[in-house]
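Here is the structure we will look at.
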2 protein chains.
Amino acid sequence: MIGYGVVGQGLTSILMRRRAETVKDYGFNPKIVAVVDKGGAAINSRGLSLEKLEALKKKGSVAEDAAFGHPKMSALDVIESVEAEVVVEATSTNVKSAEPALSYITKAFKTGKHVVTTNKGPLALAMPALTELADYNHVYLRFSGTVGGGTPMLEFAKKCLAGDKILAIRGILNGTTNYILTEMAEKHVTFQQALASAQKLGYAETDPSMDVDGIDTACKVVIMANWIMNKKLTLKNVDIKGIRDVSLQALDEAAKRGNTIKLIGSIDGDKPTVKPTEIAKNNPLCVSGVLNAVTFVSEFAGEETIVGRGAGGMETASAVLRDLLDIRHKLANRLLNSNSE
Amino acid sequence: MIGYGVVGQGLTSILMRRRAETVKDYGFNPKIVAVVDKGGAAINSRGLSLEKLEALKKKGSVAEDAAFGHPKMSALDVIESVEAEVVVEATSTNVKSAEPALSYITKAFKTGKHVVTTNKGPLALAMPALTELADYNHVYLRFSGTVGGGTPMLEFAKKCLAGDKILAIRGILNGTTNYILTEMAEKHVTFQQALASAQKLGYAETDPSMDVDGIDTACKVVIMANWIMNKKLTLKNVDIKGIRDVSLQALDEAAKRGNTIKLIGSIDGDKPTVKPTEIAKNNPLCVSGVLNAVTFVSEFAGEETIVGRGAGGMETASAVLRDLLDIRHKLANRLLNSNSE
């Protein structure tokens with residue numbers, strides 16, 4: 001595990017609470033052999049105690065463990081030297097260079113390790129190259145937590161529409177901007193006032209650019225277009241317009257038509273875009289507050305919309321667990337295939 | 001194929017249009033060896049021509065085929081005598097005795113055939129017994145089209161929340177009643193007026209009891225509770241109240257609170273119920289018109305809502321195709337398992 005913030009800690013917490021069920025229902029009984037945080041690493045090839053990890057983290061860093069701690073040991077050294085089947089990469093997103101996550105993921109692939117990441121940066125900038133590198137090394141790359149938090153939007157599109165074809169995707173994919181637009185429309189406050197309120201509640205960062213300028217939404221559009229519609233896109237292919245210029249007047253005029261304005265990320269054909277868009281209030285996609293929603297337009301099953309919380313440490317951790325179970329399932333099938341040849 | 005109405009014809013149409021993709025993507029190249037409608041059967045062990053079936057149906061019955069027609073041959077005789085891997089059962093729903101579908105399904109099981117059904121009757125009345133009988137005969141029973149039409153509500157819950165646990169389910173599961181309640185609330189018309197409008201548009205039957213008395217919704221609650229939450233329920237376990245008594249006054253008062261009234265089917269713990277329920281208009285579950293929606297409350301991923309069209313021949317046919325692909329996938333895995341033993 002590289003990165004041990006809310007998602008990493010959420011994952012250890014879920015694993016502790018549901019160990020009996022994951023063993024019984026999926027034959028899944030993972031050992032966490034190494035954890036890296038900003039203070040260094042804790043390593044034990046026989047498996048670290050999850051209870052102990054939580055306690056250490058509260059004191060500062062997992063590297064402080066007397067027996068298994070390696071203060072200052074780097075993530076790259078850990079990935080290189082520790083034997084593990086999967087690297088869970090949960091460091092913070094960087095859309096300029098995708099580092100250091102990009103190096104962690106490629107190092108993992110080159111040492112034969114599958115990767116589950118919750119990090120949009122490497123995918124937004126280099127997803128076509130990363131999926132190719134994973135294939136080349138015969139390992140899996142999974143990233144359910146990057147879109148929709150715990151809401152399984154990617155899985156829905158991949159697993160629930162077999163035999164059908166997804167023609168277009170439209171989504172409200174960022175809770176912060178949706179909160180701001182909802183506040184503006186409902187409480188009649190300006191963008192600046194709504195942003196301040198979002199920052200006060202912890203929904204927006206001090207530098208809110210990733211959210212309000214549409215970059216976070218664009219990353220998710222890239223991931224969905226590539227994964228679900230077999231495109232080969234990166235962030236630079238997306239036309240992006242954020243919500244800074246959405247005026248109260250525009251919201252009022254939309255309201256008169258029974259509509260409102262939402263930040264919609266979409267891909268229809270080959271044109272990925274992110275922009276403030278007027279939609280009907282009774283459109284299922286039109287969710288309020290910090291909720292996320294996505295509509296898949298399919299050839300036969302019609303339009304389907306999935307709504308859920310788009311963030312949260314525990315929710316995103318549940319997506320990591322799903323990815324781990326998916327990899328386990330794929331490995332079991334691979335084993336069966338090779339045995340029967 | 002037993003029953004060749006809008007769903008059966010939708011299925012042949014999808015199979016014709018997507019044959020190249022289903023072969024390429026899933027290795028799935030089915031032959032339809034027998035079709036039964038009210039006029040009799042058409043049978044060809046080498047596979048019936050899908051184009052010809054469509055043309056025959058337009059003339060009256062598939063049994064009129066000069067070479068392969070068997071006028072008056074019964075469905076039970078066809079299921080008994082024809083070699084096939086899967087029976088697609090798409091006759092109309094009967095919630096009193098579940099017949100004749102119940103006999104068709106049990107006959108299929110006893111002759112070693114998997115079943116895909118779009119028929120709620122047998123499941124509502126006898127789902128625990130049917131799943132046991134399928135297990136006993138080592139065959140699969142699938143029924144995605146019975147809930148949500150083409151919207152993969154059952155698959156979402158089963159396939160997209162691995163490692164998590166669904167604690168409760170709440171849904172608007174009947175398009176007709178949702179259309180009526182939406183009309184009443186938005187156009188301020190009485191139940192009788194809205195029902196007449198639904199009948200005129202073909203959304204409601206001449207005898208609207210299945211819909212407006214909540215029975216259709218209750219059938220779907222039974223199916224979801226059994227399939228998703230491992231209950232052993234039948235229709236008689238559900239507390240059912242329909243929408244005949246929902247007044248304009250009650251809708252007006254709900255509206256003053258920012259709410260409205262919807263027919264909600266739910267299971268929370270062990271208590272399945274169907275009843276008109278006041279919910280907030282900004283709740284993602286609160287969809288309008290003929291749309292269906294279901295909210296799954298899960299332990300870690302939070303509340304997730306799926307919205308889609310709840311009916312339609314082509315949509316439901318797409319659910320049948322998904323079930324066929326799922327069975328194919330399971331059979332392939334079963335083969336691999338036995339080879340590697």
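Here the structure is a predicted model, which is why all the values come from computation and not from measurement. So that the names make sense, note that chain A is the first sequence line, chain B the second, and so on, each numbered from 1.
Heavy atoms of L325(A) lying under 4.5 Å from chain B belong exclusively to its side chain. The contact between E304(A) and chain B is made by backbone and side chain atoms together, counting heavy-atom distances below 4.5 Å.
Taking both residues in full, the closest heavy atoms of G302(B) and E315(A) are given as N-CG, 4.5 Å, listed atom of the first, atom of the second, then distance. The heavy-atom pair separating G150(A) from A301(B) by the smallest distance is O-CB, 3.6 Å.
Within residues 18-32 of chain A, the residues having any heavy atom closer than 4.5 Å to a heavy atom of chain B are R18(A), Y26(A), listed by residue number. Along residues 151-166 of chain A, the residues that come nearer than 4.5 angstrom to chain B, judged on non-hydrogen atoms, are T151(A), P152(A), E155(A), F156(A), K159(A), C160(A), L161(A), A162(A), G163(A), D164(A), K165(A) in order of number.
A 6.0 Å sphere centred on CD of E85(B) holds no more than 12 heavy atoms belonging to other residues, nucleotides or ligands.
A distance of 6.0 Å separates CG in N333(A) from NE2 in H329(B), rounded to the nearest 0.5 Å.
Exactly one residue among V307(B), I306(B), T305(B), L285(B) makes a side chain to side chain contact (heavy atoms under 4.5 Å, CB included) with P284(A). That residue is V307(B).
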